[in-house]
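Heads up: the structure comes next, in structure tokens.
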Amino acid sequence: MSQTNRFVGKTALITGGAGEIGFATAKALAEEGALIALMDINGEKCSEAAKRLSGICETVRTYICDVSDSTAVETQVKQIVADFGSLDLLFNNAGFQGAFKPIHEYPIDDFETVIRINLIGAFNILRSVSGVMVAQGGGCIVNTASMAGVDGPPNMAAYGASKFALIGLTGTAAKDLAPYGIRVNAISPSFMGPGFMWDRQVQLQAEANTQYFSTDPKVVAEQMIGSVPMRRYGDINEIPGVVTFLMSNDSSYITGVNIPISGGIR
Ligand code: NAD
């Protein structure tokens with residue numbers, strides 16, 4: 001349980017709020033007094049997440065929405081403002097990892113899907129919510145990028161490209177919105193585990209069968225951890241503290257920054 005109450009009276013929207021990082025961050029924000037709007041494409045998981053938050057949070061509501069659908073995003077953001085009266089904090093976090101294939105074999109439809117969710121979806125949310133924040137005269141935004149958007153890992157063309165672009169978008173949004181008292185930053189988690197995304201990437205990097213990784217998932221896990229200066233993967237629970245720092249007045253002179261959560265730059 002947090003010792004501080006930095007977000008009392010603030011409304012926070014978390015996209016991908018039913019997922020691991022979204023939920024952990026929503027919980028941290030709720031523990032510090034925020035009212036929570038959870039958005040996700042997965043209605044069932046989103047309701048479960050809201051139920052788990054209801055004991056912690058004064059108000060939690062769910063918004064089922066595909067972030068890549070700009071009309072649906074506009075409608076849902078308007079609904080959030082109608083329900084809560086304001087929208088102060090945004091964790092722009094919904095994402096999809098996509099396929100693991102070398103670029104000459106990379107599936108075209110998967111490339112389009114990943115870009116639609118991770119980049120166009122993030123833009124749709126950023127555009128709608130920042131409109132509300134401009135009218136309000138302030139707010140704080142954190143985008144979830146990835147170390148894949150910094151170092152271009154093998155076999156992850158779509159995901160890496162989408163997150164590189166999101167880091168660029170963070171820089172532009174920070175400049176465009178600074179005159180309105182809105183800060184925009186990004187986080188870039190690296191290898192996080194244990195759990196679904198860790199197991200999935202270890203398995204799929206092995207199956208990709210390229211010179212960079214073994215075809216044995218156990219060895220792939222060792223290779224990945226061996227590339228991290230701290231020699232371990234990160235825990236999902238090492239993310240929310242960074243996001244809440246970036247959303248609080250503790251970081252009041254920080255905007256346009258991308259913070260790696262990576263166990264040391266590889
Ligand atoms: P997760 O799969 O647990 O959560 C992602 C959530 O996004 C899911 O609940 C999913 O339903 C939702 N989502 C997917 N497509 C959507 C859409 N079109 N509209 C609305 N919601 C949608 O994964 P996570 O690890 O919690 O990932 C959260 C973010 O962190 C993602 O942007 C991901 O790329 C990023 N990230 C994760 C890791 C990691 O290792 N877990 C590392 C770096 C970056």
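Quick caveat: nothing in here was measured; it's all calculated off a predicted structure. The first residue in the sequence is number 1, and the count goes up from there.
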Full working for side-chain hydrogen bond (donor to acceptor under 3.5 Å, both in side chains) between Tyr63 and Asp40:
CA-CA 7 Å; Tyr63 299 86; Asp40 206 285; over 6 Å; no

Let me confirm one number: the CE-CZ distance from Met224 to Phe191, rounded to the nearest 0.5 Å.
5.0 Å

Donor-acceptor pair, distance only, cut-off 3.5 Å: does the side chain of Arg183 make one with the backbone of Ile254?
yes

Residue pairs passing the salt bridge (charged side-chain N to carboxylate O under 4.0 Å, His left out) test where at least one lies in residues 227-256, sequence neighbours excluded:
Arg6-Asp250, Arg232-Glu238

Quick one: side chain to side chain contact (heavy atoms under 4.5 Å, CB included) partners of Thr75, sequence neighbours excluded?
none

Among residues at least two apart in sequence or on other chains, which ones pass side chain to side chain donor-acceptor pair (under 3.5 Å) with Ser86?
Asp88

Heavy atoms of Cys57 and Ala34 approach each other most closely as SG-O, 3.6 Å

First locate atom CE of Met133, then atom OH of Tyr180, and finally report the distance between them rounded to the nearest 0.5 Å.
15.0 Å

Residues Gly19 and Lys45: closest non-hydrogen pair is CA-NZ, 4.3 Å

Hits for side chain to side chain contact (heavy atoms under 4.5 Å, CB included) against Ser70, two or more places apart or cross-chain, chain-then-number order -> Asn124

Would you please test Leu89 and Thr11 for side chain to side chain contact (heavy atoms under 4.5 Å, CB included) and show each step?
CA-CA 6 Å; Leu89 310 170; Thr11 301; over 6 Å; no

Shortest non-hydrogen contact from Pro154 to Phe213?
CG-CE1, 3.9 Å

Are side-chain heavy atoms of Leu166 and Asn118 found at a separation under 4.5 Å?
no

Testing Thr62, Val67, Ile14 for side-chain contact (heavy atoms from CB on, under 4.5 Å) with Met39, which one passes?
Val67

Around atom CD of Glu44, are there more than 12 heavy atoms from other residues, nucleotides or ligands closer than 6.0 Å?
no

Co-membership, hydrophobic cluster, residues Ile182 and Ile80, 4.5 Å side-chain
yes

Gap between atom OG1 of Thr25 and atom CZ of Phe91 - 0.5 Å precision
4.0 Å

Residues at least two apart in sequence or cross-chain that pass ring-ring contact (aromatic ring centres under 6.0 Å, His included) with Tyr233, listed by chain then number, are Trp198

Between Thr255 (side chain only) and Val184 (backbone N and O only), is there a donor and an acceptor less than 3.5 Å apart?
yes

Applying a strict under-4.5 Å side-chain criterion to I, L, V, M, F, W and Y, I'd like to know whether Ile41 and Leu119 cluster together.
no

Could you name each residue pair satisfying side chain to side chain donor-acceptor pair (under 3.5 Å) that touches residues 199-212, not counting sequence neighbours?
Gln97-Arg200, Asn155-Gln205, Asn155-Thr210, Gln203-Glu207

Distance, nearest 0.5 Å, that separates CZ of Phe164 from OH of Tyr159:
12.5 Å

Provide the closest heavy-atom pair for Ser54 versus Lys51 in the form atom of the first, atom of the second, distance.
OG-O, 2.7 Å

Using the rule given for side chain to side chain contact (heavy atoms under 4.5 Å, CB included), can you reason through Ile36 versus Thr59, listing the C-alpha separation, both sets of side-chain angles and the distance that settles it, and then say yes or no?
CA-CA 6 Å; Ile36 302 294; Thr59 309; over 6 Å; no

Find out if a path of hydrophobic residues (ILVMFWY) with successive side-chain heavy-atom gaps under 4.5 Å connects Ile125 to Phe84.
yes

Is there a path of hydrophobic side-chain contacts, each under 4.5 Å between heavy atoms of I, L, V, M, F, W or Y residues, that connects Val242 with Val257?
yes

Hey, could you give me each pair passing salt bridge (charged side-chain N to carboxylate O under 4.0 Å, His left out) that has a residue in residues 127-144? Not counting sequence neighbours.
Glu74-Arg127

Using atom types as modelled and distance alone, determine if a side-chain donor or acceptor of Thr244 lies under 3.5 Å from a backbone N or O of Gly241.
yes

Would Leu53 and Leu35 show up in the same hydrophobic cluster when neighbours are defined by side-chain heavy atoms closer than 4.5 Å?
no

Start with the C-alpha distance between Leu87 and Gln136, add both sets of side-chain angles, then the distance that settles side chain to side chain contact (heavy atoms under 4.5 Å, CB included), and finish with yes or no.
CA-CA 8 Å; Leu87 185 38; Gln136 255 176 215; 4.3 Å; yes

A side-chain contact here means heavy atoms from C-beta on lying under 4.5 Å apart; do Leu29 and Met247 qualify?
yes

Nearest heavy-atom approach of Leu177 to Ser130 is CD1-CB, 3.6 Å

List in chain and number order the residues that pass side chain to side chain contact (heavy atoms under 4.5 Å, CB included) with Met192, two or more places apart in sequence or in another chain; answer none if no residue qualifies.
Pro189, Ile236, Ile239

Smallest separation among heavy atoms of Ala50 and Val60, with atom names
O-CG1, 3.7 Å

Only counting residues at least two apart or in another chain, list the ones meeting side chain to side chain contact (heavy atoms under 4.5 Å, CB included) with Thr113.
Phe96, Arg116, Ile117

From CG (Asn185) to CD1 (Ile167), nearest 0.5 Å
12.0 Å

Between the main-chain N or O of Val8 and the side-chain N or O of Asn5, is there a donor-acceptor pair closer than 3.5 Å?
no

Please check: side-chain N/O of Ser214 versus main-chain N/O of Val219, any donor-acceptor pairing under 3.5 Å?
no

Would a distance-only check, ignoring hydrogens and angles, find a side-chain to backbone donor-acceptor pair under 3.5 Å from Ser251 to Leu246?
yes

Is it the case that more than 12 heavy atoms not belonging to Ile103 sit under 6.0 Å from its CD1 atom?
no

CA sep, side-chain torsions, deciding dist, call: Ile187, Asn258, side chain to side chain contact (heavy atoms under 4.5 Å, CB included):
CA-CA 5 Å; Ile187 57 160; Asn258 172 45; 5.5 Å; no

Does Ser252 offer a backbone N or O that forms a donor-acceptor pair with the side chain of Asn249 under 3.5 Å?
no

Sequence neighbours excluded, which residues qualify as side chain to side chain donor-acceptor pair (under 3.5 Å) partners of Glu48?
none

With sequence neighbours excluded, give me every side chain to side chain donor-acceptor pair (under 3.5 Å) pair touching residues 139-149.
Asn92-Asn143, Asn93-Thr144, Asn143-Thr170

With sequence neighbours left out, write down each residue that passes side chain to side chain donor-acceptor pair (under 3.5 Å) with Lys27, or none if nothing qualifies.
Glu31

Can you measure from CG (Leu126) to CG (Leu90) and round to the nearest 0.5 angstrom?
7.0 Å

